[in-house]
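When reading the values below, keep in mind they use all heavy atoms of this one structure, side chains included, and skip hydrogens, waters and symmetry mates. A, B, ... follow the sequence lines: proteins, then strands. Residue 1 opens every chain.
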2 protein chains.
Amino acid sequence: MTNPLQPAGRRERKKAATRRGIADTALRMFRESGYESVGIREIATEADVAVTTLFAHFPSKEALVFEQAADFETRLVAAVADRDEGASVVCALHEEIRALVQHCTTGDATGIWTMIEQSPELSTYAQVLELRYARTLAAAIQAAPDLHTSEVASDTIARFAMAAFTLARQSADPEAALDEAFGMIRAAWSATQSSEEQ
Amino acid sequence: MTNPLQPAGRRERKKAATRRGIADTALRMFRESGYESVGIREIATEADVAVTTLFAHFPSKEALVFEQAADFETRLVAAVADRDEGASVVCALHEEIRALVQHCTTGDATGIWTMIEQSPELSTYAQVLELRYARTLAAAIQAAPDLHTSEVASDTIARFAMAAFTLARQSADPEAALDEAFGMIRAAWSATQSSEEQ
DNA sequence: ACGCTAACACTAACGGTTAGTGTTTTGTAT
DNA sequence: ATACAAAACACTAACCGTTAGTGTTAGCGT
């Protein structure tokens, strides 16, 4: 009955089940009635947990919506760190972000993103995540052993890449928008590489 | 007694006075005790207004801190729209943002920005403003009569410029950081201009 | 079997924000 | 001058997300 691939302990399984129950309930209620008109207390009641339990699993109401995007950060960092030898960082990012945008603009993730864009609170939270990921990405770029990039340059490229993701996601033609933005990123990156010293 | 340069009506003068009174009181209290430990009700009491009056003048607690940066948006747009004939948008932005960074990192504005960076709430709000300004700036760039820039390109450059401002402001050597970032921006901009059609 | 710890529940509150409902002030048209 | 409409302001009470404090239960290692 229980999935044997899950962590062994009954305790952790129950914890994960509670977590999933909360997230699923919340998302369902958000879809039914809209994000803003569903209160935390209602979600907790519906999911049959205490409000404090909900906040033990999720840091905020907004985080309930972004539960699914948990691997976003990991994938970005991996794209930079594990890219093929000799492959450009920009190319690796371009491909990875193309896949991420595609994932967001097709399938059942679409509904969630329209919900996010309709709520100021969620949009703000998305922005906060964007900056957080940009910081992580910048660190990953600077940590790449085959590159010697200044802090400003890596910060800038990372922010640029995240902005490209967001712009493409919001665009009518995501593929084209992303390619155009990455054309600019490539140029900006070249400028830092050619003016390298030492 | 009253400043004759202010708007004529007694009503508007009183309104402006109330507004300034609230903002000044709030900023003083924030400086004395820290942003987070001063409550809205305390500010209202100290400024001798009702809480609802406070929120009639400012949309949120955070907005009290950013009262002084009201002309930021205007200056950015003006830098693009009113630049010398034939001058590059990037150069105009570079100069204007250099001045803005200098204003933030010297003088009495310094204390406010350290306060902002110490408070997650204020940092988030600053981010929201950054994006708002980037949007306005993008519209200004696209509206420039002597340019024909795609929506993606202007959005990207605008975001890039705002990111440069933030990065420079946070940097140990703001001037150098800004110049480095704008080197990249210039390259990105050139890429869009050279691949122009029609 | 026993104790330790983590997960969860419950109540109550805090702090920003808003709705509802007047009251006073000010500009304007009579 | 006077009356009227609108804007500014006040007050109460609440809403909503979030947290602290305090127990209670259930699983894990010994």
Side-chain angles (χ1 to χ4, degrees), chain A residues 2 6-27 29-30 33-67 116 119-126 128, chain B residues 2 6-23 25-27 29-30 33-67 115-116 119-126 128:
Chain A
T2 57
Q6 290 305 318
R10 184 175 316 165
R11 201 177 213 163
E12 304 186 27
R13 254 180 294 126
K14 286 206 172 184
K15 184 176 177 179
T18 303
R19 182 189 176 87
R20 219 171 311 122
I22 294 171
D24 291 352
T25 305
L27 220 53
M29 295 177 78
F30 289 157
S33 325
Y35 175 77
E36 325 235 277
S37 56
V38 179
I40 284 286
R41 291 166 180 83
E42 297 175 58
I43 299 172
T45 304
E46 183 82 8
D48 199 26
V49 294
V51 173
T52 43
T53 302
L54 189 154
F55 279 106
H57 286 273
F58 300 92
S60 67
K61 184 186 178 187
E62 295 95 322
L64 287 165
V65 174
F66 291 88
E67 173 62 351
I116 291 169
S119 157
E121 271 184 82
L122 287 176
S123 300
T124 298
Y125 194 77
V128 172
Chain B
T2 56
Q6 290 305 318
R10 183 176 315 160
R11 196 177 217 159
E12 304 186 27
R13 255 180 292 127
K14 286 205 172 185
K15 183 176 179 180
T18 304
R19 182 190 176 87
R20 219 173 309 126
I22 295 171
T25 305
L27 220 53
M29 295 178 78
F30 290 157
S33 325
Y35 176 78
E36 325 236 276
S37 55
V38 179
I40 283 287
R41 292 166 180 83
E42 297 176 58
I43 298 172
T45 304
E46 182 82 7
D48 199 26
V49 295
V51 172
T52 44
T53 302
L54 190 156
F55 279 107
H57 285 272
F58 299 92
S60 68
K61 185 185 178 188
E62 295 97 320
L64 287 165
V65 174
F66 291 88
E67 172 62 353
M115 184 169 97
I116 291 170
S119 157
E121 271 183 82
L122 287 176
S123 300
T124 299
Y125 195 78
V128 172

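- Where A:Pro59 and A:Glu42 each meet DNA chain D at their nearest nucleotide, the meeting point lying more 5' is that of A:Glu42.
- Minimum atom distance to the side chain of B:Glu62 is reached by C:dT17, of the listed D:dG17, D:dG27, C:dT17.
- When each of D:dG27, D:dG17, C:dT17 is scored by its nearest atom to the side-chain atoms of B:Val51, the top-ranked nucleotide is C:dT17.
- Below the 3.5 angstrom threshold, one finds no donor paired with an acceptor across the side chain of B:Arg41 and the base of C:dG15.
- Closest approach to the B:Ala50 side chain among D:dA10, C:dT18, D:dC16 is made by D:dA10 (side chain taken as heavy atoms from C-beta onward).
- Phosphate contact (OP1/OP2 of C:dA7, side-chain N/O of A:His57, threshold under 4.0 Å): absent.
- Atom C1' of nucleotide D:dC16 and atom OH of A:Tyr35 are separated by 11 Å, given to the nearest angstrom.
- The nearest whole Å value for the distance from the CD atom in A:Glu12 to the C1' atom in D:dA26 is 14 Å.
- Judged by distance alone, the side chain of A:Glu42 and the main-chain N or O of A:Gly39 form a donor-acceptor pair under 3.5 Å.
- Atom P of nucleotide C:dG16 and atom CE of B:Met29 are separated by 11 Å, given to the nearest angstrom.
- Taking 4.0 angstrom as the limit, B:Thr53 places none of its side-chain polar atoms (N or O) nearer than this to OP1 or OP2 of D:dA8.
- Interface remark: the B:Thr52 side chain does form a donor-acceptor pair with the D:dC11 base, using a distance-only criterion of under 3.5 Å.
- Contact annotation: B:Lys14 does not reach the phosphate of D:dA8 (side-chain N/O to OP1 or OP2, under 4.0 Å).
- Rounded to a whole Å, the CZ atom of B:Phe58 is 15 Å from the P atom of C:dG16.
- Picking from D:dA8, D:dC16, C:dT17 the nucleotide with the shortest atom distance to the side chain of B:Lys15 gives D:dA8.
- The distance from atom CZ of A:Arg13 to atom C1' of C:dC8 is 18 Å, rounded to the nearest whole Å.
- The shortest non-hydrogen separation linking B:Val38 to B:Met29 is CG2-O, 3.6 Å.
- Here C:dT5 is the nucleotide among D:dT18, C:dT5, D:dC9 with the atom lying nearest to any side-chain atom of A:Arg11.
- Checking A:Ser60 against A:Glu62 by side-chain atom types alone, a donor-acceptor pair falls below 3.5 Å.
- Rounded to an integer number of Å, the gap from CG of B:Leu54 to C1' of D:dA8 is 14 Å.
- Rounded to an integer number of Å, the gap from CZ of B:Phe55 to C1' of D:dC11 is 15 Å.
- Separation of atoms CZ (B:Arg20) and CD (B:Glu67) is listed at 9.5 Å; rounding is to 0.5 Å.
- For B:Lys61 and B:Tyr125, the positive end is not near the middle of the six-membered ring at less than 6.0 Å and at most 45° from its axis.
- Atom-to-atom, CD1 of B:Ile40 to P of D:dC15 comes out at 20 Å; the value is rounded to the nearest Å.
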